[in-house]
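I have placed the structure first, in the form of structure tokens, so that the comments after it can refer back to it.
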Amino acid sequence: MINLIPKANRIKIENGSFHLSRDDKVYTELSLPLLTAPRGEDAAVRILKDTSLEKEEYYLKVSRDGILIKASENTGAYYALQSLRMLGRFDEGINEIPCVEISDKPSYGWRGVSLDESRHFFGKEYVKKLIDELFRLKMNVFHWHLTDDQGWRIEIKKYPLLTEIGSKRAYTHIGGWGSTKKDNTPYGGFYTQKDINEIVAYAKERCVSIVPEIDVPAHFAAALAAYPHLACRNLKRDVQGHFGGNIPVLDGMRDWNRPACMGKEETLQFIKDVYDEVCALFPFEYFHVGGDECDVSEWKKCPDCQRVMKEKGFINEYELQMMLTNSLCEYLKSKGKHMIGWNEILLADGVDESAVVQYWVQKRDANVEKFAQKGGKILMSKHQSFYLDHPYAIYPLKNTYNFDPEKYGVPKRNVIGVEGEMWTEWIAWSDKVDFMFHPRMEAISEVGWTDSAKRDYAEFISRYREYKSIYTHLGITYAVDKIAMSKGLLQRAKISRLFRYGDPDYEYKLNKKYFEKGER
């Protein structure tokens, strides 16, 4: 068995192996800055340019005499080298590569994960480590959730209060959705534009594109803490430290979930000004505007919003959001960008059909299915398979691996790709992020890369078990099999209850105990 993740789409196993030493030379017809091996004509590894191959496609042949790689661009060559790295267990110092012939390319063009840094902030070095993991697994998109109610994490030079005020909160909700506990330690952090430039350049070298998410019109409370006049009512409010649930009710915060005002020109101008600066930082052709979970009750009472509704002949407040969505879609087109929004941008008919819809909700969404039937493009992040912040007891590894878009009424031809979501309300440190990502990220990489007809969960698990010793060498915390492949109904019920009402870290702590006992 060849322990390669993601599984190659065409692989022929041959007899023998090739040992690659540190001193072996490489000959390359492509510019590969990350490749540090010595160069030379008398090379053990030959990398040839083949323009007949697609950008991410590669050909790899390992024989007893050496290694041949063909690719049209750096991306394909690097992916071939990542396959060599895994096949030869380079990270473990083995460097013995089985003789194989591989022709390989991805099933989906978008293979990614997100990281929410509004709820908890992990910093530049962790983000780079995550990008390294994406690169290792031939994943190509990092979706960066940089703003939300609990913190604004990106410097905007025209609006300095977004980070001076909006990046800091006085307390943090702990203990799960049903908890009323708070950690009263002040919390904050943000990325300067210099930091962003550094991370974007680091990702580009590793064939990873970064899509920023700047949420509008809801999940906007951190912005309103800095610039309250952008709401329907100019109310001074601090950055929120709670994540919803019971705290706002008990604390009498009836107006905590307020969106940006859709009746004020200055609000739209603010959004465009922010997007101008963010677009300049991120060269990727996609831009995420959020658009989910907007409570429109404030708009119902706002004279400015109601005036616009009357002028436009709108029937309901969701059409105000559609107006914003379409305005931003056109604006982003002028910047050379495609707009992405969550399901909820489709709550009113008439959304620009060039938008990309990110499909996340648990139930089937008739609006998404209708949008797809019209030819609309969908990014799949279905809750049951790809919400990686949930315990494995709720969404075990098998849920992720066995994903099929057609279960949810979306033909594959409309799907641009798959993405795992890492929300961090209950994830406060990077080791737990790793634990929630792995081995789910390995499963996502294979769902995105390998044709569905060639995927088999039991066979994936066999390869994964032979491969997972790499985590120790890479310094990655991961879920042991007993956790990741959870089957016990009683344990599932307990962990699910604690996740919501008591100790959302229980499964992570249990994982540590298994490690201490040597159960991997």
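All of these numbers come straight from a predicted model, not from anything done at the bench.
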> Do Lys128's NZ or CZ and the ring of Tyr202 fall within the cation-pi criteria of under 6.0 Å and 45°?
Replying inline: yes
> Can you find a pair of side-chain heavy atoms, one from Asp389 and one from Thr424, that are under 4.5 Å apart?
Replying inline: no
>> Could you tell me if Glu507 and Tyr392 have a donor-acceptor pair between their side chains, going purely by distance under 3.5 Å?
In response: no
> Does the Lys168 side chain pair with the main chain of Glu164, one donor and one acceptor, at a distance under 3.5 Å?
Replying inline: yes
> With side chains defined as the heavy atoms from C-beta onward, is the minimum distance between Val278 and Ile156 less than 4.5 Å?
Replying inline: yes
>> Taking the six-membered ring of Phe90 as reference, does the cationic atom of Arg85 (NZ for Lys, CZ for Arg) lie under 6.0 Å from its centre and within 45° of its axis?
In response: no
>> Assess, by modelled atom type and distance only, whether the side chains of Asn367 and Tyr359 contain a donor and an acceptor separated by less than 3.5 Å.
In response: no
> Under 4.5 Å between any side-chain heavy atoms of His338 and Lys377, yes or no?
Replying inline: no
> Of all heavy-atom pairs between Leu332 and Cys279, which one has the smallest distance, and what is that distance?
Replying inline: CD2-SG, 3.8 Å
> ring-ring contact (aromatic ring centres under 6.0 Å, His included): which pairs involve residues 20-42, sequence neighbours left out?
Replying inline: none
>> How close do Ile416 and Tyr108 get, counting heavy atoms only, and between which atoms?
In response: O-CB, 4.2 Å
> Is a side-chain N or O of Asp149 found less than 3.5 angstrom from the main chain of Ala221, in a donor-acceptor match?
Replying inline: yes
> Can the ring centres of Tyr331 and Tyr275 be said to be less than 6.0 Å apart?
Replying inline: no
>> What I want to check is whether the side chains of Ser354 and Asp352 have a donor and an acceptor closer together than 3.5 Å.
In response: yes
> Just checking, is any N or O donor in the side chain of Tyr59 or Glu101 under 3.5 Å from an acceptor N or O on the other one?
Replying inline: yes
> Can you check whether Trp360 reaches Val368 side chain to side chain, under 4.5 Å on heavy atoms?
Replying inline: no
> Gln269 and Asp273: side-chain donor and acceptor closer than 3.5 Å?
Replying inline: yes
> Which residue pairs pass the salt bridge (Lys or Arg N to Asp or Glu O under 4.0 Å) test with at least one member in residues 22-33, sequence neighbours excluded?
Replying inline: Lys25-Asp42
>> Tell me every residue that passes ring pair (Phe, Tyr, Trp, His ring centres under 6.0 Å) with Phe190, counting only those two or more places apart in sequence or in another chain.
In response: none
>> Could you check whether Trp144 and Phe284 have their ring centres less than 6.0 Å apart?
In response: no
> Do you know the tightest heavy-atom contact between Asp116 and Trp423?
Replying inline: CB-CE3, 3.7 Å
>> Checking Lys138 against Ser83 for the side-chain hydrogen bond (donor to acceptor under 3.5 Å, both in side chains) test, could you report, in this order, the C-alpha distance in whole Å, the side-chain angles of both residues, the deciding distance, and whether it holds?
In response: CA-CA 9 Å; Lys138 305 186 183 78; Ser83 291; 2.8 Å; yes
> Judged by modelled atom types alone, do Thr75 and Glu56 share a side-chain donor-acceptor pair under 3.5 Å?
Replying inline: no
> In a check of ring pair (Phe, Tyr, Trp, His ring centres under 6.0 Å) between Tyr508 and each of Phe435, Trp426, Tyr478, which one passes?
Replying inline: Phe435
> Quick one: does Asp50's side chain have a donor or acceptor within less than 3.5 Å of a partner on Lys70's backbone?
Replying inline: no
>> What I want to check is whether the side chains of Arg10 and Ser103 have a donor and an acceptor closer together than 3.5 Å.
In response: yes
>> Taking the side chain as everything from C-beta on, heavy atoms only, tell me whether Lys407 gets closer than 4.5 Å to Gln384.
In response: no
> Using the benzene-type ring in the case of Trp, are the ring centres of Phe460 and Trp449 under 6.0 Å apart?
Replying inline: no
> Once the angle between the rings of His143 and His288 is folded into 0 to 90°, is it parallel (under 30°), tilted (30 to 60°) or perpendicular (over 60°)?
Replying inline: parallel
>> By the definition ring pair (Phe, Tyr, Trp, His ring centres under 6.0 Å), identify the one residue from Tyr126, Phe282, Phe121 that meets it with Tyr191.
In response: Phe121
> Is there a donor in the side chain of Tyr395 and an acceptor in the side chain of His383, or the other way round, less than 3.5 Å apart?
Replying inline: yes
>> Does either side chain, that of Ser107 or that of Lys412, offer a donor lying less than 3.5 Å from an acceptor on the other one?
In response: yes
>> Is the shortest side-chain heavy-atom distance between Arg89 and Ile470 below 4.5 Å?
In response: no
>> Is there a side-chain contact between Ile97 and Leu84 in this structure, where contact means two heavy atoms from C-beta onward sitting under 4.5 Å apart?
In response: yes
